[in-house]
Amino acid sequence: VLMVLISGFKMNAEQLAYPYWGISVAWTPQMVSFGFAGLSIAFLITSFGLIGPMTKRFGEEKTLAFASTVDVIALCGFLLSSSSAYAWAWLFLLSVSSPMWGTVLISVLARHAPEGMQGAVQGLATSTQLAGRIFGTLLAGVVLERFGYFGVYALMTALVLLIVFQAFRFVVAEAGPAVKKQSTGES
């Protein structure tokens, strides 16, 4: 539930903080708008073109771990960039990684739920993500007012690191049955 709450929070906090970050690296309002358009296009390409092949090739848990790790790297780029020299690279990484781990997350959670609880987990996850979006906007607004965009990106980075940690726990948990089968000689 916390992972999905973080997902919803990040989604709205990112949209709130991004224009302020753009202004801090001397982007014009037009460039910020182009950035939003690029984010949207990359979200669509990721959602409808990349997630399926990634999960088929690597599995959902590894896709979640990879995408959330790339998201943290992109968020750190936003934190460390004080000019627009690498801005488009961070924006591209963020716009591919965020929807990838955000989409795969609910499926992974449902698969790791106790037997017979998958539907309840998915329903709770959807409600929690919406709550995270509301809470995300409110909390990000307070953080933005007190600490600027840097504070919002630092908070998002710390929270997505929790996703990375749990994602790797899922990878290890998923590998457990395969390792056990190999050691016992089962196929």
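Side chains included, hydrogens not; waters and symmetry mates left out as well; all remaining heavy atoms used. Numbers for residues simply follow the sequence, beginning at 1.
A distance of 6.5 Å separates CZ of F168 from OG of S68, quoted to the nearest 0.5 Å. Interatomic distance, OG1 of T103 versus CZ of F48, reported as 9.0 Å (0.5 Å rounding). How far CD1 of I106 is from CG of L64: 11.5 Å, rounded to the nearest 0.5 Å. Here N12 contributes atom CG and L130 contributes atom CG; the two are 9.5 Å apart, rounded to the nearest 0.5 Å.
Side chain to side chain, E60 and S107 meet the donor-acceptor criterion of an N or O pair below 3.5 Å.
Heavy atoms only, all atoms of each residue included: A74 and L93 are closest at CB-CB, 3.8 Å. Shown here for V70 and S97, the closest heavy-atom pair between the two residues is CG1-CB, 3.8 Å. Across all their heavy atoms, E14 and L94 have their closest contact at OE2-CD2, 2.9 Å. Here the shortest heavy-atom pairing between G136 and A13 reads O-CB, 4.3 Å. Between A110 and Q118, the shortest heavy-atom distance links the atoms O-CG, 3.0 Å. Between L16 and P19, the shortest heavy-atom distance links the atoms O-CD, 3.5 Å.
Sequence neighbours left out, the pairs with a member in residues 159-172 that pass side chain to side chain donor-acceptor pair (under 3.5 Å) are Q166-R169.
Within the 4.5 Å cutoff, the side chain of L79 has heavy atoms near those of the F150 side chain. In this structure the side chain of F170 reaches within 4.5 angstrom of the side chain of L109, judged on heavy atoms. Contact of the L105 side chain with the M3 side chain is registered, since non-hydrogen atoms from C-beta on lie closer than 4.5 Å. By the 4.5 Å heavy-atom criterion applied to side chains, Y153 and Y18 are counted as neighbours. Side-chain contact between M54 and F66 is present, with at least one heavy-atom pair separated by less than 4.5 Å. Contact check for W27 versus I23: no side-chain heavy atoms found under the 4.5 Å cut-off. Annotation: side chain of K10 is in contact with side chain of D71 (closest heavy-atom distance under 4.5 Å). You'll find the side chain of W90 reaches within 4.5 Å of the side chain of I73, heavy atoms only.
Within a 6.0 Å sphere centred on OH of Y20, other residues, nucleotides and ligands contribute 12 heavy atoms or fewer. F43 CZ: more than 12 foreign heavy atoms inside a 6.0 Å radius.
W101 contributes no side-chain N or O that, together with a main-chain N or O of A65, makes up a donor-acceptor pair within less than 3.5 Å. Between the side chain of S98 and the backbone N or O of S95, no donor-acceptor pair lies under 3.5 Å.
Hydrophobic clustering, with ILVMFWY side chains joined whenever heavy atoms are under 4.5 angstrom apart, keeps M11 apart from I51.
When each of V121, T126, T128 is tested with L124 by the rule side chain to side chain contact (heavy atoms under 4.5 Å, CB included), just one qualifies, namely T128. Tested against F9, the residues V160, I134, L155 include a single side chain to side chain contact (heavy atoms under 4.5 Å, CB included) partner, L155.
A salt bridge is absent between K62 and E174; no separation between the charged side-chain nitrogens and carboxylate oxygens falls under 4.0 Å.
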